[in-house]
Chemist: 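Shown below is the structure under consideration.
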Amino acid sequence: MHPTKIIINKEQFTNNLISLKTHVGMDRKLCLPVKANAYGHGLVQTAKIAESFVDYLAVACLDEGIALKKNGIKKPVLVFGSFDNEQISDLIKFNLEITVTSLDKAKALEVYCRTSDTICRVHVKFDSGMNRVGALDSEIKELIEYVAKNPVLQLIGVYSHLASSDSPDNELTHQQINKFKEIAKLAKKLKPDVICHLANSGGVAYYPESWFDMVRPGIISYGYYPSKAQHGHIIKVRPCLSLHSRIMHIKKLPEGLGVSYSHRFTTAQESNIATLAIGYGDGFRRCLSNRGQEVIINGKKYPIVGNICMDMLMVNLGNDSANVGDDVLLIGTQSNEMNIPLESISEKLGTIDYEVLVGFTNRVVREYA
Ligand SMILES: *Cc1c(COP(=O)(O)O)cnc(C)c1O
């Protein structure tokens with residue numbers, strides 16, 4: 001087995017879900033987004049662990065939904081993404097809940113259902129200000145009515161997505177919430193038990209008015225806040241993922257030798273250099289080369305040196321020794337003082353935690369402990 005692995009702390013993860021459910025109220029539905037391999041945590045396993053703690057699961061696309069249903073997930077699965085006509089039969093066959101973003105899409109679904117004598121479960125998507133997908137102000141009323149009154153399309157939900165909810169008291173977010181309130185009212189008139197949902201992680205953390213009937217917190221369920229700005233971390237969640245590898249080789253190099261491709265690092269004195277079985281082929285990004293990013297070996301921090309390779313990277317142990325086979329912690333917490341936060345990586349890369357998490361490749365073994 002590949003010595004590089006991501007370990008998911010199941011108890012921490014389910015504690016996060018319990019905290020979120022408690023925060024929004026037990027009578028509100030909790031939908032866990034498990035798109036993009038459950039934010040790197042492993043699609044099917046994560047969904048299985050979460051299933052009894054959530055009301056809904058959500059994925060981005062058909063294939064992710066099929067993977068869940070083929071692996072025995074029983075809770076409703078909403079597909080956030082829009083669909084092509086050739087995907088309709090599988091969306092229905094696997095009992096996935098379908099996002100309808102326009103009247104044309106609703107009509108395509110209806111045609112399929114009528115000709116195959118079936119019905120399907122629909123969430124209508126309203127564009128309240130993200131300006132990405134969904135029916136606009138001028139179209140939404142007609143679309144909701146069309147679905148609500150249609151014998152083969154079951155109106156299950158109406159939803160929208162917040163564009164700037166990662167900080168409190170954002171003007172656009174207040175506008176989106178107010179717009180959605182009106183649409184929710186309209187939808188409830190046609191179908192009182194329709195599930196209206198709007199809140200992502202930022203909405204859950206900072207905008208109680210955005211909670212409606214169901215919330216869809218992604219990143220915060222995995223233990224990270226949607227932005228780095230310190231707004232007070234008001235919900236008790238913690239990361240449940242850690243990244244581990246092993247030392248595959250150690251050599252003592254004299255002063256003045258270059259290490260790895262292009263010799264971008266040169267030993268300043270005699271140094272023990274450890275080579276780990278992880279590289280950008282695992283999703284440990286090459287831009288972290290020579291940036292002082294640290295790893296923990298035997299309770300001590302050491303810097304990554306030289307260019308990160310596809311399958312290996314080098315760490316400078318200085319005068320310290322270690323053994324081939326020793327465990328290395330690249331992301332996560334060993335003890336209170338000893339931890340390598342994911343943010344230390346996303347900050348250096350100039351990106352958000354989300355992108356680093358979903359970047360870990362399939363080669364990295366996922367373990368659930
Ligand atoms: C990804 C996604 C979410 C979750 O977003 P977070 O910022 O991770 O909480 C919620 N709703 C929709 C429609 C999404 O695509």
Side-chain angles (χ1 to χ4, degrees), residues 13 16-17 19-21 23-24 28-41 43 46-47 50 54-62 64-65 68 76-83 96-101 122-135 156-168 170 172-173 176-177 180 183 195-208 210-229 231 233-235 237 239-241 342-343 346 351-359:
F13 176 52
N16 291 348
L17 298 175
S19 291
L20 286 161
K21 185 95 181 171
H23 181 72
V24 299
R28 240 178 216 109
K29 289 185 196 298
L30 176 60
C31 169
L32 176 70
V34 289
K35 58 191 181 181
N37 206 20
Y39 291 55
H41 293 61
L43 172 62
T46 301
V54 302
D55 304 283
Y56 255 80
L57 293 155
V59 294
C61 60
L62 171 64
E64 293 174 338
L68 292 184
V77 175
L78 167 62
V79 181
F80 284 147
S82 199
F83 56 86
L96 298 165
E97 300 198 359
I98 304 170
T99 295
V100 166
T101 54
V122 166
H123 293 244
V124 169
K125 182 86 182 269
F126 169 48
D127 188 345
S128 61
M130 181 82 165
N131 299 325
R132 189 174 64 173
V133 292
I156 305 297
V158 172
Y159 77 106
S160 187
H161 193 46
L162 297 172
S164 296
S165 63
D166 55 355
S167 59
N170 169 272
L172 172 61
T173 306
Q176 287 192 272
I177 292 170
F180 191 72
I183 300 307
I195 304 170
C196 297
H197 50 112
L198 175 64
N200 51 8
S201 293
V204 168
Y206 308 123
Y207 299 89
S210 72
W211 295 349
F212 296 90
D213 306 315
M214 179 163 84
V215 295
R216 314 184 303 266
I219 195 85
I220 203 168
S221 302
Y222 301 98
Y224 308 91
Y225 271 73
S227 81
K228 282 171 203 93
H231 311 299
H233 288 178
I234 48 183
I235 308 170
V237 294
C240 51
L241 170 149
L342 179 66
E343 299 91 282
S346 29
T351 186
I352 51 178
D353 293 344
Y354 299 71
E355 193 186 2
V356 182
L357 286 173
V358 305

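In each ligand, atom 1 is the first atom listed, and ligand 1 is the first ligand listed. We number each residue from 1, following the sequence as shown.
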Chemist: Among all residues two or more places apart in sequence or in another chain, which pass the side chain to side chain donor-acceptor pair (under 3.5 Å) test with Lys21?
Modeler: Asp55

Chemist: Does an N or O anywhere in Gly218 fall below 3.5 Å from an N or O of ligand 1?
Modeler: yes

Chemist: Are any of the N or O atoms of Ile219 closer than 3.5 Å to those of ligand 1?
Modeler: yes

Chemist: Among Leu30, Val24, Ile234, find the residue that satisfies the side chain to side chain contact (heavy atoms under 4.5 Å, CB included) test when tested with Val204.
Modeler: Val24

Chemist: Any donor-acceptor pair under 3.5 Å linking the side-chain atoms of Tyr159 with those of Thr99?
Modeler: yes

Chemist: Identify the protein heavy atom lying closest to atom 9 (O) of ligand 1, giving its residue, its atom name and the separation to 0.1 Å.
Modeler: Ser201 OG, 2.5 Å

Chemist: For ligand 1, which atoms have a heavy atom of Tyr39 less than 4.0 angstrom away?
Modeler: 1 (C), 4 (C), 5 (O), 6 (P), 8 (O)

Chemist: Under 3.5 Å, N or O to N or O, is Arg216 touching ligand 1 that way?
Modeler: yes

Chemist: Do ligand 1 and Lys35 have nitrogen or oxygen atoms that lie under 3.5 Å from each other?
Modeler: yes

Chemist: Students often mix this up, so state it plainly: with edges at 30° and 60°, are the rings of Phe13 and Tyr222 parallel, tilted or perpendicular?
Modeler: parallel

Chemist: Give yes or no for whether the N/O distance cutoff of 3.5 Å, strictly under, is met between Tyr354 and ligand 1.
Modeler: yes

Chemist: Once the angle between the rings of Phe180 and Phe212 is folded into 0 to 90°, is it parallel (under 30°), tilted (30 to 60°) or perpendicular (over 60°)?
Modeler: perpendicular

Chemist: Within the distance-only criterion (no hydrogens, no angle test), does the side chain of Asp127 pair as donor or acceptor with the backbone N or O of Gly129 below 3.5 angstrom?
Modeler: yes

